[in-house]
K.L.:
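The structure that follows is given in the form of structure tokens.
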2 protein chains.
Amino acid sequence: MNEKVTSLQVAERAGVSQSAVSRYFTPGASVSKATAAKVQKAAEELGYRPNVLARAMVSGRSRIIGLIIADLKNQFYPLALELLGRELQERDYQVLVFFAANSTEGIEPVVQKLLDYQVDGIITASVAMSNSLTERCAAAGIPVVMFNRGQDDPRLSSVTTDNVAGGRMAANFLVAGGHERIAHIAGWQGATTGRDRTLGFLDGLRDLGREVFAMEDGMYQREHAAEVARAMFSGAERPDSVFVGNDYMATAVMDVLRFELGLSIPEDVSVLGYDDVPLAAWPTYQLTTIRQPVTRMVTATVDTLLDRIEGNPEPKQIKITGALKIRASARKPKGFTS
Amino acid sequence: MNEKVTSLQVAERAGVSQSAVSRYFTPGASVSKATAAKVQKAAEELGYRPNVLARAMVSGRSRIIGLIIADLKNQFYPLALELLGRELQERDYQVLVFFAANSTEGIEPVVQKLLDYQVDGIITASVAMSNSLTERCAAAGIPVVMFNRGQDDPRLSSVTTDNVAGGRMAANFLVAGGHERIAHIAGWQGATTGRDRTLGFLDGLRDLGREVFAMEDGMYQREHAAEVARAMFSGAERPDSVFVGNDYMATAVMDVLRFELGLSIPEDVSVLGYDDVPLAAWPTYQLTTIRQPVTRMVTATVDTLLDRIEGNPEPKQIKITGALKIRASARKPKGFTS
DNA sequence: ATTGATTTTGCAATCGCATGCAACTTTTCT
DNA sequence: AGAAAAGTTGCATGCGATTGCAAAATCAAT
């Protein structure tokens with residue numbers, strides 16, 4: 001029942017040495033046509049396939065990429081995960097997924113496990129790396145690239161959109177739309193993405209001689225954002241517009257505004273998001289948002305990682321520029337082109 | 001830079017044999033307190049961790065579970081994936097994810113790769129297994145359990161909800177609600193889930209002396225479901241209710257009804273879904289649906305799989321009963337309790 | 001036909017760990 | 001105290017491949 005076919009058995013049946021079999025399955029190795037044919041025949045008959053783990057042991061490369069992910073609830077990440085997985089698959093790497101606790105802590109044991117599995121590289125999505133972990137990965141010679149999160153450490157690669165610029169775009173758009181009381185429900189300020197978007201947004205307002213009317217951390221959580229929205233928009237003088245730290249929260253905010261507070265969007269309040277998740281395009285939300293070009297981000301991530309694995313040791317910090325995607329959730333200034 | 005610490009180095013530093021080190025890290029092996037202490041100290045100082053791949057080679061168990069998934073767009077699956085991942089992680093298994101083409105074909109090479117990686121078991125989510133593949137996995141002694149999809153083959157384990165019963169519930173609910181023209185936008189009829197739900201629904205209607213007013217395959221695709229809905233509800237005599245094969249399509253249908261056809265839900269049309277994805281509870285949709293208890297499904301899946309890996313060779317077909325979750329997208333019959 | 005250059009091939013070592021076996025220690029019991 | 005039982009330990013082997021090296025075979029060129 002449990003039949004394992006090894007290269008040795010193939011070798012015997014083909015009448016060649018075990019090395020020959022190995023070479024046949026190693027691209028670029030030296031095998032004559034004659035032996036190749038013999039090996040192929042024997043391998044086929046026996047249903048032989050090389051054992052990737054054994055190969056990994058001696059070659060030192062497992063062709064496994066560890067992916068750490070914290071939050072699949074935010075619709076941006078399933079999308080990213082799928083694209084990452086497919087892209088790596090195409091390049092003949094596989095993805096070992098680890099789920100981390102949402103906090104910055106708690107990924108310690110996860111990275112440890114990852115190292116135990118001898119992964120060739122690590123991608124972190126929406127997760128921060130501590131210093132000691134970066135240390136350990138660097139020591140083990142395992143490249144790390146952070147997806148959609150930045151870090152100061154120059155040993156780390158990262159791929160993000162230009163979140164500061166994105167924040168600015170949001171500010172410009174809302175001001176141009178003639179809004180007077182501009183609010184901000186921020187992305188989690190413990191994450192670079194959240195901080196940078198906020199930073200850009202505030203800077204943008206300031207440059208236009210404005211100030212934020214109200215501001216609160218939404219923590220990148222749906223429920224938390226909803227509560228913040230409730231409080232923020234219940235007062236007598238409510239904001240006439242709000243820039244929300246990501247689409248996932250923005251939809252929650254819209255729900256609260258519409259269904260709990262009876263407000264119209266964009267007539268009473270303009271809402272801006274960040275990410276452009278699929279949901280944002282649905283007719284219910286029609287969310288105007290800063291698009292993160294996820295496909296390009298994924299390609300950049302994979303390129304960077306494989307580059308480092310296959311030689312080039314320099315980490316890269318890549319910033320892709322996002323773009324405003326205008327829909328119907330925010331008042332559209334005259335003369336603004338999507 | 002690239003420092004690999006092996007058990008041998010630990011052994012030397014601790015002044016014991018390599019076997020002792022190995023035993024220290026093998027739960028249940030025989031080590032005295034004295035050596036254990038020495039090994040622990042040395043291992044800690046060197047930052048040693050056992051190489052999982054090497055262990056896999058000799059023990060024959062990789063503690064890797066292959067997960068094949070086709071569709072992360074349907075919000076049910078990210079959720080399932082996360083739960084599966086976390087549960088397996090807790091039991092000290094890791095998940096190697098593979099993305100399959102959506103079709104039934106095309107998973108051939110994926111399973112092949114999976115076998116190459118010496119996974120201890122396979123979980124398929126929303127994917128069907130061909131006969132020859134089942135054959136191969138059985139031959140390799142690798143248990144397979146299908147998540148949210150059934151199969152006739154008795155060699156395969158599967159975990160689903162009782163989709164036939166679920167379909168019946170939908171029928172009962174709509175009839176009890178006094179609907180006259182009951183329609184059905186079915187789940188993909190190429191999948192057992194889709195077929196069974198439809199089957200149960202039609203049977204349920206028949207038992208109540210009714211017939212389906214209109215019916216079409218939605219293919220489990222948002223866009224396709226939307227088109228079907230457009231056609232189905234544009235005619236002069238439109239349905240007054242529709243049971244949709246899953247929530248993912250149901251939200252698309254609702255969007256079409258509301259935003260393209262200007263219909264009210266549930267006043268003009270009642271909509272029923274299947275799954276109870278998080279989205280279904282959002283105020284915009286308030287979707288009445290047949291809940292698939294995903295946590296229990298996941299637990300059952302993992303239990304079944306690990307059971308088979310760790311000894312018990314019998315495949316199991318598990319059917320978990322779903323339950324109607326009443327919200328506001330369908331007219332509520334009097335006396336129906338949620 | 002002979003030599004030199006180039007390819008192919010097999011041998012054997014290696015990767016890092018687990019484990020059966022035999023030798024040795026310690027504990028338990030009479 | 002001595003014998004039997006139980007617990008530890010190290011040696012040596014094997015898991016299934018890759019790969020450096022040297023021998024053998026093929027090819028090219030005189």
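Lettering follows sequence order; numbering is per chain, from 1.
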K.L.:
Can you tell me how far C1' of D:dG14 sits from NZ of A:K4, to the nearest Å?
P.N.:
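Spelled out: NZ on A:K4 to C1' on D:dG14 is 15 Å.
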K.L.:
Select base, sugar-phosphate, or nothing to describe what B:R61 touches, counting heavy atoms under 4.0 Å on all strands.
P.N.:
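B:R61: no heavy atom of the nucleic acid under 4.0 Å.
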K.L.:
Between the side chain of A:R86 and the main-chain N/O of B:A100, is any donor-acceptor distance below 3.5 Å?
P.N.:
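Judged by distance alone, yes, a pair lies under 3.5 Å.
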K.L.:
Under 4.0 angstrom, heavy atoms only, what part of the nucleic acid is A:V52 near: base, sugar-phosphate, or nothing?
P.N.:
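A:V52: no heavy atom of the nucleic acid under 4.0 Å.
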K.L.:
By the definition side-chain hydrogen bond (donor to acceptor under 3.5 Å, both in side chains), identify the one residue from A:N74, A:T193, A:D71 that meets it with A:Y220.
P.N.:
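That would be A:T193.
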K.L.:
With heavy-atom distances below 4.5 Å as the criterion, would you say the side chains of A:R136 and A:V111 are in contact?
P.N.:
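No - every pair of side-chain heavy atoms lies 4.5 Å or more apart.
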K.L.:
Tell me, do B:Y117 and B:I64 make a side-chain contact under 4.5 Å, heavy atoms counted?
P.N.:
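Contact flag for B:Y117/B:I64 side chains = no.
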K.L.:
If you define the side chain from C-beta out and look only at heavy atoms, does anything of A:Q75 sit under 4.5 Å from B:P78?
P.N.:
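A:Q75 does not reach B:P78 side chain to side chain.
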K.L.:
Would you classify B:V21 as touching base, sugar-phosphate or nothing, given that sugar-phosphate means primed atoms plus P, OP1 and OP2, and contacts are heavy atoms under 4.0 Å?
P.N.:
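Touches nothing.
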K.L.:
From CE of A:M57 over to P of C:dT14, roughly how many Å is that when rounded to an integer?
P.N.:
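From A:M57 CE to C:dT14 P: 13 Å.
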K.L.:
Is there any protein nitrogen or oxygen under 3.5 Å from a nitrogen or oxygen in nucleotides 10-13 of chain D, and what are the pairs?
P.N.:
unit_1 : atom_1 : unit_2 : atom_2 : d
D:dG10 : OP2    : B:S17  : N      : 3.0
D:dG10 : OP2    : B:S17  : OG     : 2.9
D:dG10 : N7     : B:R23  : NH1    : 3.3
D:dG10 : O6     : B:R23  : NH2    : 2.8
D:dC11 : N4     : B:S19  : OG     : 2.9

K.L.:
To the nearest angstrom, how far is A:D116 atom CG from C:dC17 atom P?
P.N.:
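That distance rounds to 10 Å.
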K.L.:
Measure the distance from NZ on A:K33 to C1' on C:dT8 and round it to the nearest whole Å.
P.N.:
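Taking atom C1' of C:dT8 as the reference, NZ of A:K33 is at 14 Å.
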K.L.:
Nearest to the side chain of A:S30, heavy atoms from C-beta on, is which of D:dA17, C:dT9, D:dG16?
P.N.:
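Closest of the options to the side chain of A:S30: C:dT9.
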K.L.:
Reading DNA chain D from 5' onward, which residue's closest nucleotide shows up sooner: A:R55 or B:S59?
P.N.:
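Per heavy-atom nearest nucleotide, the more 5' residue is B:S59.
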K.L.:
Rounded to whole angstrom units, what separation is found between the CD atom of A:E12 and the C1' atom of D:dG16?
P.N.:
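Rounded to the whole Å, the gap is 14 Å.
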K.L.:
Please give, in whole Å, the distance from D:dT19 C1' to A:F25 CZ?
P.N.:
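It works out to 17 Å between those atoms.
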K.L.:
Would you say C:dT8 has OP1 or OP2 under 4.0 Å from some side-chain N or O of A:S32?
P.N.:
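For C:dT8, neither OP1 nor OP2 has a side-chain N or O of A:S32 closer than 4.0 Å.
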K.L.:
Could you give the CG-to-P distance, from A:N51 to D:dT18, as a whole number of Å?
P.N.:
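The answer, rounded to whole Å, is 9 Å.
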K.L.:
Could you state the atom-to-atom distance from CG of B:L53 to P of C:dC15 in whole Å?
P.N.:
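To the nearest whole Å, that distance equals 15 Å.
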K.L.:
Any Lys/Arg nitrogen of A:D303 or A:R91 sitting under 4.0 Å from an Asp/Glu carboxylate oxygen of the other?
P.N.:
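Judged by the 4.0 Å cut-off on N to carboxylate O distance, A:D303 and A:R91 do form a salt bridge.
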K.L.:
Examine distances only and state if a side-chain atom of B:S62 and a backbone atom of B:Q118 form a donor-acceptor pair shorter than 3.5 Å.
P.N.:
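Present.
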K.L.:
Taking 4.0 Å as the cut-off, does a side-chain nitrogen or oxygen of A:Y24 come that near to OP1 or OP2 on D:dA17?
P.N.:
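Negative; the distance criterion is not met.
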